Protein chains: 2
Amino acid sequence: MNSRNKKTAEVSDGPVSMADLAKELGVSMTTVSRALSDHYSIGPATKQKVLKLAKKLNYQPNQMAAALRKGKSKLIGVIVPYIEGRFFPSVVHGIETAARKAGFSVIICQSNEDVAHERKNIETLLNAQVAGILVSLSRNTRDFKHFEKVQKRGVPLVFFDRILEGDNVNAVVLNDREGAYQTTRHLLEQGCRRVAHFAGLQHLNIYKNRRQGYLDALRSFDLPLDEELIIYSDMTLEQGVAGMKQLLALPNPPDGVFAAGDSSILGALQLLKSRGIRVPQDIALAGFSNEGFTAITEPMLTSVDQRCEEMGQATVRLFMELVEAKGTPFYQRQVVLQPQLFIRESSLHSGKR
Amino acid sequence: MNSRNKKTAEVSDGPVSMADLAKELGVSMTTVSRALSDHYSIGPATKQKVLKLAKKLNYQPNQMAAALRKGKSKLIGVIVPYIEGRFFPSVVHGIETAARKAGFSVIICQSNEDVAHERKNIETLLNAQVAGILVSLSRNTRDFKHFEKVQKRGVPLVFFDRILEGDNVNAVVLNDREGAYQTTRHLLEQGCRRVAHFAGLQHLNIYKNRRQGYLDALRSFDLPLDEELIIYSDMTLEQGVAGMKQLLALPNPPDGVFAAGDSSILGALQLLKSRGIRVPQDIALAGFSNEGFTAITEPMLTSVDQRCEEMGQATVRLFMELVEAKGTPFYQRQVVLQPQLFIRESSLHSGKR
DNA sequence: TTGTATGCGTTATCAA
DNA sequence: TTGATAACGCATACAA
């Protein structure tokens, strides 16, 4: 016998189970289960009866039990390097919104830019029986090993933004190359002839591609590549300051800078202002990410928007496709979002150069 | 018989269960369970044996099963109005970090500033058998009803930042009143004598308390309260612009503004600059939240830091206390964090006024 | 169309 | 110190 006495019409709180409904109605649990899950073989009358009582008693399915039984929960695991700045919070926002619409909840994990954390996160999420894992790689992730376990278990895996290229994976990315190309071309079209580039870690797809786009644009203008105009760093604000100093110290300084990140271009702007160098007249600037502050600085900073929300939504959508394509063994898809260039004062001038 | 054949020394992927370990070692599941959960009644020898094999076979406990059995998972539910700007992402960052350290994962929910969503979030989290719920209220939450179910179920509930006052709840808040008091006093000490206030929705504790702090400071300087100097709004940037216009149109405009939010003070700054009014010489400004952009504007904006990270950590810590105080029926605690005023150019002047 | 019985992987109760 | 066994709540194969 059960420890708590079975409720009849009695108002008792605590979760109502399918067994409770079955007992109350004098039917089997199977019937209740079928009614609730909209199964095909069930009489419309019984179904209504069950649903009505379920509503009346405020029945709430125990997700854990269902998950245990099915080996899959209604949880989606998300791994991001961190939750700060504009990009990741916005993507997570998009993911959460889209996931909830599809009936999933979202578990958040941070890798703290560390592959060891990332590995642990994977374990955690698999133990939680998540229905899928969405991940943007930590900066020091360089191989795919810890993700193989996920695939072996048949858990849908979607990468976004920071991915390992070359591998056949499902991913949602921004067309970083195109964004960088457009931005650099824009600077050239404004009259710049020596455009420098603040580049990020080149093993990350996003920074590699942004550099490529920069190079593409130079080539399209038949301009030579000058390696001393490319400064590699983590692109913090401080490194932007330092990079700009370095560029100004060149015998032939640039007349424009395209940075693969906004913080560094902000640093550059601050340095230039402190030295009385005019932006954009003397040196034009453009960044990447469309951070909130780009519309606040003076002059306002030209930058590339990464479609954070859309990326989150697209990632969930791709996950859903994987869930539905269950049968298809090697469903593979890459979604590429188009960046949007926001042209602001820092790169606009009246074409005197 | 099982569908998949029991592994012996065979290398087979797929999760290893306690039963697998038991079979392999020729002991009972109970023993394995005890060894793994560090139970007291188990021989050190057997324990080691079990742990060793567990490590070797990379045993991973199925959290769902444990959760189902115990009625509680290792998941913490977090409900925030949205995941954007500086505050909520940072708090979530702090929560996630602290929670993971304690062995919990975090499920994120957004209420989208809507109490109906908030109700749904509660249901979702309860169905997921979360071990606790941490919540910062939506702006239109005005009663406590939907949280009673949580308490009835004995699920620890901690509010942070935006709370319902008066009720006996567990909460972590910033001392908003003190922060506002310090900031306003600072403006007064700088020589301001007519300080205006951009106030937020007064049914929210945070904005009510910030207004109180403002009033406290005026009183401490024996200054009269002039209601036309208090502008109520949602404190967006646009409303900051509009509010500033309204203040300038007064027969006797203010010489300082303290805003309960940074966006609105930014709006004010932009308007003042566009009209050639000097900040801080003509009008001094100070905001609240210490948003990233406050250190970027010209002049840089004085603002109050809300200790986002600490708030997240403190909230998790309070949750953990509740878990441990399981026995104590009416454990109640409020944690109050001290704000930190960052004084920047927008409020500093050489004391000529 | 409905019901019976079993198992998902743990933990807890009781007995040995 | 150990083990056998029964739940937790749900979903499904199979029988009726």
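Labels below follow one simple rule: chain letters A, B, ... track the order of the sequence lines, proteins then strands, and each chain is numbered from 1. If you're wondering where the values come from, they're calculated on a predicted model, not measured in any experiment. Both backbone and side-chain heavy atoms feed into the values below; hydrogens, waters and symmetry mates do not.
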Could you name each residue pair satisfying salt bridge (charged side-chain N to carboxylate O under 4.0 Å, His left out) that touches residues 90-114 of chain B, not counting sequence neighbours? E96(B)-R100(B), E113(B)-R162(B)

Mind checking salt bridge (charged side-chain N to carboxylate O under 4.0 Å, His left out) for R119(B) and listing every partner two or more places apart, or none if nothing turns up? none

Counting only heavy atoms and a strict 4.0 angstrom limit, can you tell me which residues of residues 64-72 of chain A come near DNA chain D? A65(A), A66(A), R69(A)

Return no unless some side-chain N or O of S28(B) is found under 4.0 Å from OP1 or OP2 of dG3(D). yes

Base, sugar-phosphate, or nothing for M18(B), non-hydrogen atoms under 4.0 angstrom? base

Pairs in or reaching into residues 122-141 of chain B: which pass salt bridge (charged side-chain N to carboxylate O under 4.0 Å, His left out), with residues at least two apart or in two chains? E123(B)-K149(B), R139(B)-D234(B)

Tell me: CG of L126(B) to P of dG9(D), nearest whole Å? 15 Å

Between dT1(D) (C1') and L25(B) (CG): distance, integer Å: 16 Å

Taking only residues two or more places apart in sequence, or in another chain, which ones meet Q151(A) in a side-chain contact (heavy atoms from CB on, under 4.5 Å)? F144(A), L157(A)

For atom CG of L21(A) and atom C1' of dC10(D), their distance in whole Å: 12 Å

Could you tell me which residues satisfy ring-ring contact (aromatic ring centres under 6.0 Å, His included) with Y59(B), sequence neighbours excluded, listed by chain and number? none

Residues touching DNA chain D, which here means a heavy atom under 4.0 Å, drawn from residues 34-52 of chain A: R34(A)

dG9(D) phosphate, OP1 or OP2, under 4.0 Å from Y59(A) side-chain N/O: no

Choose from dT2(C), dG3(D), dC10(D) the nucleotide whose nearest atom is closest to any side-chain atom of V27(B). dG3(D)

Among residues two or more places apart or on two chains, list those pairs meeting ring pair (Phe, Tyr, Trp, His ring centres under 6.0 Å) that have a residue in residues 96-136 of chain A. F104(A)-F319(A)

How long is the line joining CG of N62(A) and P of dC8(C), in whole Å? 18 Å

Verify side-chain contact (heavy atoms from CB on, under 4.5 Å) between L318(A) and F160(A), making sure each step is shown before the conclusion. CA-CA 10 Å; L318(A) 183 43; F160(A) 62 92; over 6 Å; no

Would you mind reporting whether V78(A) and F88(A) have side-chain heavy atoms less than 4.5 Å apart? no

By side-chain hydrogen bond (donor to acceptor under 3.5 Å, both in side chains) - contacts of S28(B) (at least two apart): T31(B)

At under 4.0 Å between heavy atoms, what does S33(A) touch on the DNA or RNA strands: base, sugar-phosphate, or nothing? base

T31(A) side-chain N/O to dG3(C) phosphate OP1/OP2 under 4.0 Å: yes

Roughly, in whole Å, what's the span from CG in D20(B) to C1' in dC8(C)? 13 Å

CD of Q129(B) versus C1' of dG9(D): gap in Å, rounded? 9 Å

Measure from the side chain of T30(A), starting at C-beta and using heavy atoms only, and say which of dA4(D), dA13(D), dT10(C) lies closest. dA13(D)

